[in-house]
Structure formats: C-alpha cells, structure tokens
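Notes follow once the structure below has been shown.
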Amino acid sequence: MTGNELHRAALTRRRFLGMAAVGAASTALSACVTSPPSIEPAEGFPPYETEPAFSGPAAMYGPLEDDGRLIPAVPYQKIDPQYYRQIVEDPTGERPGTIVVHTPTRFLYLVMEDGQALRYGVGIGRQGFSWSGRAQVQWKQKWPKWTPPDDMIARQPELAKYSAANGGMPPGLDNPLGARALYLFQGNVDTLYRLHGSPEWWSIGKAVSSGCVRLINQDIIDLYSRVPVKTPVLVV
C-alpha cells in the first residue's frame, strides 16, 4: 500500500471503531425472535480462501436445491451490484473470522486474511437498528421455524396461527427467517438479534418494516457454511 492508501485505511477503521463504541440500545426485538432449543458446541475456524471461485452473479444467485427445497433464482439484475457477494478490502480492522454488520451502509463483512473481507448486502428492519455491540454466534439453524411475538400478532391477528402456542411457522420458502438463521448471544444472554435469510430479495440494501438483518437466501447459506458457532460478531 502507498502512504495515502494506508492513511485512508486507518481513517476507515477509526470510523468503524468509533461507531462501535456507541452504547448498545436495550430495545426489545420482535419480528426475528425465535428461541433456540439447544446450544451447539464450539468449533474451530475453517480455512478461508482469499480468492473464492465466484463465477459471477448468475451462478451465485441461480436456483439452488437445499435439503429437498428448491430455492428460486434471484433476479440479480434488479439489485444494486454493490450488494452482490464479493471480496473487498477490509474496512473494519477486526481479526479474521469476525462478522461485522455495518447497518448504515447495509453491508455485512466476514473478515478474512490479508486485509480482505467477504462482503454481503443486507436488508435492515427496524429491529435491526435496535441493538449494537459485540456478541457471538451461539447457535445456527438450517430452515428455522418462525414465531411472531405477541405484539406483532396484536397488530396482525392473521399471524395468530403461527404463535408459540401453535408451534410457530414451519420452515419453508415463505418463512420470514429464510433458509438459515444465526442467533447472537452475549455470554449466555440472548440478544434476540438474528442474521437470517429472506425470500424478499428486493429488500436487500433497504430499511424494511420488520426483522433484524436479512440476506438473500443464497448468501445466508454461503455465510452459514463459512462460520462456526462462537464466531465473534460486531454490530455497528
């Protein structure tokens, strides 16, 4: 790097760290709440490839069969290309293996070696802005159930059939948590903050009405495969 590039990188990392120092809000989350039934053991970090074999958005966001479900192709041409999964220079300064969610820009970074990061586009619901700070992935779930909270059911009575008493909404292509969910804890305390998939590809890069942090289903499947339980997470 040149002196100017190093200076810009240092400024970018200071901005991230400064924003991370802001106190975490205690607002309760709602639409993405689903209680994990168990805790998986910690795993070692897998090796990361600095140049993954990405063959373009048509392949990354094409149809995908997963656990007997066919996830439809995403019309990626209708999404701003900056939100495609891609390798970028790491702006976070965090150690490799860390997930950083930068809510203002709607980006999620998985920090890699050699000053690089794997960046995903995300959609942020109002609950996605309700919490910030450091946590860890305490639990991972493929094709999770979704249980709308009581306050949401009060606003939308048609969701009562998916209440906790009724067993929640079964996994599936229309489930708001999508194909995967990562559950964030601070110690043994559930933050109620989730990183999850979504069938609503059009919400990527936007602030939507409900939920935590949503990714395209193809992207959350990719992220899920790369991070073990106990992965550190910083939400800015």
Do [X] and [Y] have side chains that get closer than 4.5 Å, going by heavy atoms?
X: Pro171; Y: Trp146; answer: no
X: Ile153; Y: Pro148; answer: yes
X: Met112; Y: Pro96; answer: no
X: Val101; Y: Leu234; answer: no
X: Ile204; Y: Lys206; answer: no
X: Leu223; Y: Leu215; answer: yes
X: Gln141; Y: Trp139; answer: yes
X: Val227; Y: Ile99; answer: yes

In terms of side-chain geometry, is the basic nitrogen of Arg134 or Glu94 positioned less than 4.0 Å from the acidic oxygen of its partner?
yes
Could you tell me whether Arg180 and Asp66 have a side-chain N and a carboxylate O separated by less than 4.0 Å?
yes
When you compare the side chains of [X] and [Y], does any donor N or O come within less than 3.5 Å of an acceptor on the partner?
X: Gln116; Y: Asp114; answer: no
X: Asn166; Y: Ser163; answer: yes
X: Asp219; Y: Tyr61; answer: yes

Strictly distance-based, threshold 3.5 Å: is any side-chain N or O of [X] a donor or acceptor partner for the main-chain N or O of [Y]?
X: Arg85; Y: Gly121; value: no
X: Asn175; Y: Met169; value: yes
X: Asn217; Y: Ile71; value: no

When you look at Ile216 and Ile79, which way does the side chain to side chain contact (heavy atoms under 4.5 Å, CB included) test go after all the steps?
CA-CA 11 Å; Ile216 294 171; Ile79 300 173; 3.8 Å; yes
How long is the span from the [atom1] atom in [X] to the [atom2] atom in [Y], to the nearest 0.5 Å?
X: Leu184; Y: Tyr193; atom1: CG; atom2: OH; result: 8.0 Å
X: Arg119; Y: Asp90; atom1: CZ; atom2: CG; result: 11.5 Å
X: Lys142; Y: Ile221; atom1: NZ; atom2: CD1; result: 9.0 Å
X: Arg69; Y: Trp143; atom1: CZ; atom2: CH2; result: 5.5 Å

Give the minimum heavy-atom separation between [X] and [Y], together with the two atoms involved.
X: Ser203; Y: Val208; answer: CB-CG1, 3.3 Å
X: Val236; Y: Thr103; answer: O-OG1, 2.9 Å
X: Ile220; Y: Leu195; answer: CD1-O, 4.1 Å
X: Arg194; Y: Cys212; answer: O-CB, 3.1 Å
X: Ser132; Y: Val235; answer: CB-O, 3.4 Å
X: Pro63; Y: Leu70; answer: CB-CD1, 4.4 Å

Verdict with supporting geometry, Val88 and Gln86, side chain to side chain contact (heavy atoms under 4.5 Å, CB included):
CA-CA 6 Å; Val88 299; Gln86 58 193 281; 4.0 Å; yes
Is it true that the NZ or CZ of Lys140 lies under 6.0 Å from the centre of Tyr224's six-membered ring and within 45 degrees of the ring axis?
yes
Asp67 CG: over 12 foreign heavy atoms closer than 6.0 Å
yes
Under the criterion ring-ring contact (aromatic ring centres under 6.0 Å, His included), which of Phe107, Tyr120, Trp202 is the partner of Tyr83?
Phe107
Report the C-alpha separation of Ile124 and Val213 in whole Å, then their side-chain angles, then the decisive distance to 0.1 Å, and conclude whether the side chain to side chain contact (heavy atoms under 4.5 Å, CB included) test is met.
CA-CA 5 Å; Ile124 305 292; Val213 176; 3.8 Å; yes
Before you tell me yes or no, could you show the steps for Leu118 and Arg226 under side chain to side chain contact (heavy atoms under 4.5 Å, CB included), namely the whole-Å CA-CA distance, both residues' side-chain angles and the distance that decides it to 0.1 Å?
CA-CA 10 Å; Leu118 181 53; Arg226 295 175 186 272; 3.4 Å; yes
